[in-house]
Every structure is written in C-alpha cells, then in structure tokens.
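Here is the structure we will look at, set down as structure tokens.
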Amino acid sequence: MTARPSGRQDAEPYSTGPESEDDRLRRFARIWSRAIRPSTAISMPEGEFVEHLVPLARRLRDALRTMPLNTQPAYEVGQALVAARCDVAGGLPVTLGVLDAYLVLYCPPRRPMPAEESRARCARLQHALAAGFAHALSERAKGEQESVSREALAARAAAEQALHDSEARFQAVFDGAVIGVGVADLNGQVLLVNDAVARMFGRPGDHLLGENVVDWAHPEDAPAAMEIYRELITGQREHFRMEKPYYRGDGSVLWTNLTVTLLRDAHGKPQYQLALMEDITEQRRLRDRLRYEATHDELTGLPNRTLFFERLDAVIAGPAAAESTEFAEPHTADADRDHPAGGGWEAAALAEAEAEAIPGSSSSPAATDHAPVPDEHGPAVDERRPWRRGTDGAAAPAPGAAYGPGDFARPPGPPDEPATDREAGGCAPGAGRGADEATRFGMCYLDLDGFRAVNDSLGHIVGDHLLIAVAERLQGCLTSPSQIVARPGGDEFFALTVGPTAQRDAIDLAERMLRALAEPVRIKDRDLLVRASIGVASGTRGETTRAAVMRSVDIAMYRAKAAGGNRYEVADAASDARVIARHSLTNGLPAALEKGEFFIEYQPLVRLEDGTVRGAEALVRWLHPVHGVLGPDQFITLAENTGLIVPLGRWVLAEAARQARAWRDAGHDGEPLRVNVNLSPCQLRYPDLVSDTVAVLDEAGLDPAALCLEVTENDLIGADEEALRPLRQLADLGVDIALDDFGTGYSNLAYLRRLPVSTLKLDRSFTLGMQRAPADPVDVKIVEGIVSLAHTLDLAVTVEGVETGSQAEHLRMLGCDTAQGWYYARPGPPDRLHELALTDVASG
C-alpha cells in the first residue's frame, strides 16, 4: 500500500454540508493537481490542468462505487496520465499517494460499507492504475524505439540514394567535362583521367593510366617547375598553377593551363594530387602570333624596336634582373629610369668632360687667353672671325677611331679580358643566367646613307625591296645566338651582341655589315649602291642605362655620317660630352642674350703705309656662367641653327656702331675710326637687314662710311642679283662691304667686278710664307698679283693674321692697304683701341 502523501494540512477537510458531489470531485481534482504538478513537466496553467484531471477523477470515483469492483477504468486512467506527460520521475508515486489519501475521503461509496472494504477497493484501483501507467510507458518506449529505427533506416536509405546520385553526377561531370581532370598518387603514378585528358593527348585514357607525370616533362618547362611540384607532393604547398606544355601522341605540342591541388586524408596527411588541365593551345598560338606581330617588323620580319629594347634592357639590367623576369612576359623597360651608374656617367660628362669638350673655355688650359699663343711650329691664330669656325689649323681628331669599308684595322685600346664559362650569355632575358657581372654588351646603330633619294626618285616600292634586301644581308652577318639584328623603323637598323668580348664583336659585326652592303643590290633590273653609317657603342651590364647607350651610339653614327658615311665610328665618352656640351650651349643661348652675357672685343686694323690705326674688327664673346669666356667658334653655328643669329647679329651691330660713335666723340682728330662687323649668311637672307642697319646707324648717330660689313667669299660667289640686292643698297648708302677670306673659295677674279664690295680681306694662308726670312717667293708673287688686281678694280686690300714684323714689311712693300694680327695687338676692350689711336696721333 502506498503511503499517504505528507502535507495533509493542505487538503480541504471533508464536509457533509450542502456541497454537491461534483464540488467534492472538483476539490479532489484540485488536490491531485497541486500534488502532481511539482513532480512532472506539466506546462499548462493550473486551472486548465485541473479541468483535465476532473474526468479522470470521475472515472476513478465511478470505479470505486461499482459492484462488483471493476479496475479497468483505473488501468485506463494510468494510461491517460502517461499520455498527458505525467510520466516524469515522481509522477506515479504522487498520484498513488493522492488516491490513497483522498479518493475515499472525497468520493466515498454510495452504500455504507466497512472502512476496510473501501480501503481494499481503493488499493485495487491503485494497483490497476499503476499497471496501466507502466504498460503505457512500455508501449510508448517501444513505439519511440521503433520510430527511431524506422527513421534511421529511412535516413540510411536516403544517404545511400544521395551517395549513389552524387556518384552518378560526379561521374557524369568527370566524363563530360571539357577541362581535363586527372588523379595521381604522391609518386606521380596516374590513377584516373577523364575523356578530356585523353582527347588532349590524342591517346586512349587507359593508355595513360599507370604512367608517371614526371615522364611528361617538356623542354620548355620552366626550370622552377619541378621544385614547385616537389613542394606540393611533400605538403609544403596546397596547390600551384602554371602554363605547361606537353607532347601529344603525334609529337605536336599541347599547351595547357595546369592547376594541381594536393588532396589530404581525414588526418591531414597528403594522399593524392588532383590536376585540372585546360587546353590553351589555340590561345597560345594566337598570343604568340600577336606577340610576334607586336615585336617584329612587318616589312623585313626582323625584330622591331619593342623587342630590341626588351633585349637591350634585359642585358643592361644584368643577370640578376634577367633571372627575376625569366618567367614573366617580356615587357618594355622604362628607358628613363634612374640608374646610379648612368647618373654618375652623365655627371662626369657634364662636370668634367663638357668643359674640356668646348675648345677655348675658361676651364681648359687653352682658355687662359682669348687666342692661341704662337709656338715653335708656327704662328698662332687670332680670333678675328666672330661668325665662323676658327682657322687655327685642322681640328683635332675626335677620340675614337673611324674606319671605312676598306680599312679594318682595329682601334688601339686595352685587350679584351679572357672569356670564362660564367661570362657566356645571350641577348634574351635569362640568357645571362650565372654570367659574370662584368659581362659586356655591344650595340651597332646603322643608318643607310641617301636612302631618301631612293624613295623620292624610284618610289617607295623599290625602297621597300631595298630594305628587305638589306635586312637579309644584315641578318647573314650574325655569327652567334648572342647577336640580334632589328629594324626600329625607316632605314635604321640596330644590332646587339653580348659576351666578354662584346666591344670587339660589335666592331667585327660593323665591319661585316659594311662588307655585306658593298655589293650593289639588284632590284627590277637596276643595280642600287648601298652605303651606311654605323655607330658602335659598348658597355658593362648593370653600369649604364638604355638612354645612355642609345645616346652614345646615336652620336657615333652621326659622327660617321658627318665624316662622309660608308664607315663606322666607335663611341667614346669625350665625344658624347662634346655633344652634351653643344646641347647645353644651344639651350643657354636665348637666355644668355637676355641676361647680357655677350660682350665685344676689338682687334685693330692698321694702315700699313704709316702704321696708324684705321679702325677695328668687332669680335663677339660669350661670358658663360659655367665655361667662362667662349669664342665665336663655339656658339655661332649653334646660333645659326636655332635662328638666334639674327637678334644676336643685330645686337653686335648696334654695340659696334655705338662704340664707333663713342670713339669719335672721345676726341680723335684724325680720320674717324671705322668698325668692321661680320655678317652671317643667315643675316644676308634676312629681309629686314637693310632697314635694321639703317635704324642702328640712325640710333647711334654714326656715318655709314664708318661701318664696314664683312661677308665671306663663299657667301657671295655665285649669289644671284636677288641675294646681292641688300648689299648693293647698303653700299649705295655709303657702308663699306668687305669680301672676307678671299682666296679660300672659288677665287673667281672676274666675278669681283659685279660684287658690291670695296675691300678684299686676304686669307692668312697666302701670307704664311712671309713670316720668315727669306720670304717664300711663290707667296710673294700670289699676293702681289691679288693686290694689283684689287687696286685695278679700285678695291682696298686688308691682310689677316699678320704675326711678325718681316711679314708686315713685305705686305707694305707689296702695296697692301691695311692689316690686322697679333703683331699689332690681340683683341681687347674698346678703350685699348682708343689709346692706340691717340698714340698714333701723338707720334705723327
């Protein structure tokens, strides 16, 4: 018998008052609810739960009153309690305790019976309720187990079906994929391939199984590919991707975009390698074709400027840079990138060689005075020509040897260093792998001489055929894979050679090119002669820049062209520095005129008859802020090329006229001092020459007779009347016109009659033989004849370059009118000339 529950004090006492049976039944249900709720997981409100228990309590009451006793309702109540989720631990004992304590109390039998009988009937109902409760729990547990089993079986069946479907889908994707898929073990043995791989290789798929992927290597594989593959199979990397070529079954090349991924097991241990292969053969061919078209000349098929500069940049950058870009797509390097060696070379060229490259600059020994000093080999040359190159003998040959097609003697210089295995290298990026840092390169820049005439006279089609023939001959001059010939455009060709003897190899290549072009090219039954000018430059890897190399080889080529063409010139730093210096001077000319950096020195003109000062020649100088005093030989040609000669010439004319007026105002009582001013050929063609001259004379208040304009013989001989008209107009105004450098041109004496000149300036070359005693009789006869002719034509004669007293005496005896030269005075400031003139007046 279950013990009654404690806490009877909470029970409502039995009352025999007017309370109905339903009220007592509800009171019993309420007591039952309060007892069972704390021991179960009932979540419904108390009132609702009480209403749920009322029918169960009624069944138990009715069962207690049945005669004979029927326990089936109690059994069903036990099942109902399980169904109501009152089966949590403690629910059944509490229910049995409530029945034992309150069922008979609140729901007694209708007929009187002994207490023991009513208690016995209640106990049997409790047993039946417990039995129903236990049976319901057992049935529910069994049902839940069966449900779990059914769900497990259903899940397993669904998983098996999903696995089957997944495998089917995977197999369909694997077999039908356009991209090749393959699986290999870590030893490289092929385990599985799909149909796409078989199609790519042109072999049945089962023939590929069992082969090793290492055996599929190709000569064009990147050298680092095997190292990357080793890192993958050892677990150091998870995947890699690269473009890789393979050989097909027919021997052709298959290009693939290959992605290989490492597959690991559940414990993270490398297990397999999965390869995805995309056939990019056609894309590769298209890319190679586009690359070829972008890097090769359409006409000749030679590499073009882009490819040549890529090779040159890779060579200049050195082996390390070449290795770092070996797997990358070729690209054009920045020709203007900073480079310590290149910057240093330019700094040296500008700071040291530039000043030395400008003859007569204040930074060179020859610039200690404004003119050369005579030495034991002959008289020096004065600086009397402000507009033309000096006549101080032939210019010194430029550093670097020049050679024509018939003279292939090598220039002097240090022997090339012996080659080593590490110094061997090619032109292509990466060709210098492992090369010595001192490996050198050489470049040739070839430009055809007179090619424009071929296009203009014979047409561009003939010109194109000529370029094709030239390209074939130049290509045939290459002797090793380290050499390349390119056509950057027009009639220009580049050549590059790499190696420890690159400078000598480049010279040899230039010689072979000239020999190859010596034979005429036959085009359309016409033999065309081909001439070329070649510049040769060399350098050391990592010590220069593309811009510096191109500048040097370009300068060398133009030196060869200026020397007559059909030859080559070797570049050198001194020649480069001279060009840089000329460029620097050219850029500084306009500002120099604005800043007043020009000044004029005057060299006296002396009358030979009595030794008095007749006037002076105005000689312009440039006081350069860096190079010091520069003579006209160093900047007049640059001024002519830039068009600055016209304003500069007008400034010289105005300054000289102002100075002539100043001499007159200074009190010279004799014949007014005349000033000679040189005219450039560009000024002769200037339409405002006459008006500008008249304006200058008016501004200075100078008589036209006090001005003499000097024009060289070569500028006037052969000139037509239109060209002579400005000089005639000036001569009609009273300005003297002097024919300078007479005897150096055509010397057409009959032509003198039609020229508007009043003075002949005899070139110094005719009087050199009179500087020593006895005088050269031939020179004496020539000068005597010229003086006689000039006087016959009513022309005065001025002699240049008088350096000795005996020379001056000979010229006086021959009847020359005036002379100038160092024997009398060097060019100097205007006050000095005035002092000489006053001295002549005082002595007279």
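We're numbering straight along the sequence, starting at 1. Quick caveat, the model's predicted, so the values are computed rather than measured.
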Residue pair [X] / [Y], side-chain heavy-atom distance below 4.5 Å:
X: Glu298; Y: Asn304; result: no
X: Tyr272; Y: Leu262; result: no
X: Glu21; Y: Leu25; result: no
X: Phe201; Y: Met277; result: yes
X: Arg230; Y: Gln236; result: yes
X: Leu125; Y: Leu69; result: yes
X: Glu146; Y: Ser149; result: no
X: Phe441; Y: Thr497; result: no

Give a yes-or-no answer on whether the side chains of [X] and [Y] include a donor-acceptor pair shorter than 3.5 Å.
X: Asp22; Y: Ser20; answer: no
X: Asn257; Y: Arg241; answer: yes
X: Arg440; Y: Thr540; answer: yes

With under 30° as parallel and over 60° as perpendicular, where do the rings of [X] and [Y] fit, or are they tilted in between?
X: Tyr246; Y: Trp216; result: perpendicular
X: Tyr292; Y: His296; result: parallel
X: Tyr229; Y: Phe240; result: perpendicular

>> I need the minimum non-hydrogen distance between Ala128 and Ala74, along with the two atoms involved.
In response: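 Smallest interatomic distance, heavy atoms only, reads CB-CB, 3.8 Å.
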>> Could you report the tightest heavy-atom contact between Ile316 and Thr544, atom names first, then the distance?
In response: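 Looks like CG2-O, 3.2 Å.
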>> Under the criterion side chain to side chain contact (heavy atoms under 4.5 Å, CB included), I'd like the reasoning laid out for Leu192 against Val181: C-alpha separation, chi angles, the key distance, then a yes or no.
In response: CA-CA 8 Å; Leu192 184 66; Val181 183; over 6 Å; no
> Glu243 and Glu278: side chain to side chain contact (heavy atoms under 4.5 Å, CB included), yes or no, with the steps?
Replying inline: CA-CA 9 Å; Glu243 289 187 4; Glu278 181 185 2; over 6 Å; no
Residues, nucleotides or ligands: over 12 heavy atoms within 6.0 Å of [X] [atom1]:
X: Arg121; atom1: CZ; result: yes
X: His218; atom1: NE2; result: yes
X: Arg124; atom1: CZ; result: no

> Can Arg248 and Val253 be said to form a side chain to side chain contact (heavy atoms under 4.5 Å, CB included), step by step?
Replying inline: CA-CA 6 Å; Arg248 287 194 176 100; Val253 177; over 6 Å; no
> Between Arg284 and Pro245, is there a donor-acceptor pair closer than 3.5 Å when you use the side chain of the first and the backbone of the second?
Replying inline: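 Side chain of Arg284 to backbone of Pro245: no pair is present.
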> Is the side chain of Thr281 donor-acceptor paired with the backbone N or O of Leu254 at a distance under 3.5 Å, no angle test?
Replying inline: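 Not at all, since once roles are kept as given, no pair shorter than 3.5 Å links the two residues.
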> Does a side-chain N-to-carboxylate-O contact under 4.0 Å join Arg119 and Glu116?
Replying inline: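 No.
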>> Quick check on salt bridge (Lys or Arg N to Asp or Glu O under 4.0 Å): which of Arg305, Arg291, Arg546 does Glu310 satisfy it with?
In response: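 By the salt bridge (Lys or Arg N to Asp or Glu O under 4.0 Å) criterion, Glu310 pairs with just one of Arg305, Arg291, Arg546: Arg291.
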> Where do Gln483 and Leu496 land on the side chain to side chain contact (heavy atoms under 4.5 Å, CB included) test, with the steps shown first?
Replying inline: CA-CA 5 Å; Gln483 298 176 346; Leu496 182 67; over 6 Å; no
> Can you list every side chain to side chain donor-acceptor pair (under 3.5 Å) pair that touches residues 258-271, not counting sequence neighbours?
Replying inline: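 Non-adjacent pairs meeting side chain to side chain donor-acceptor pair (under 3.5 Å): Glu238-Arg264.
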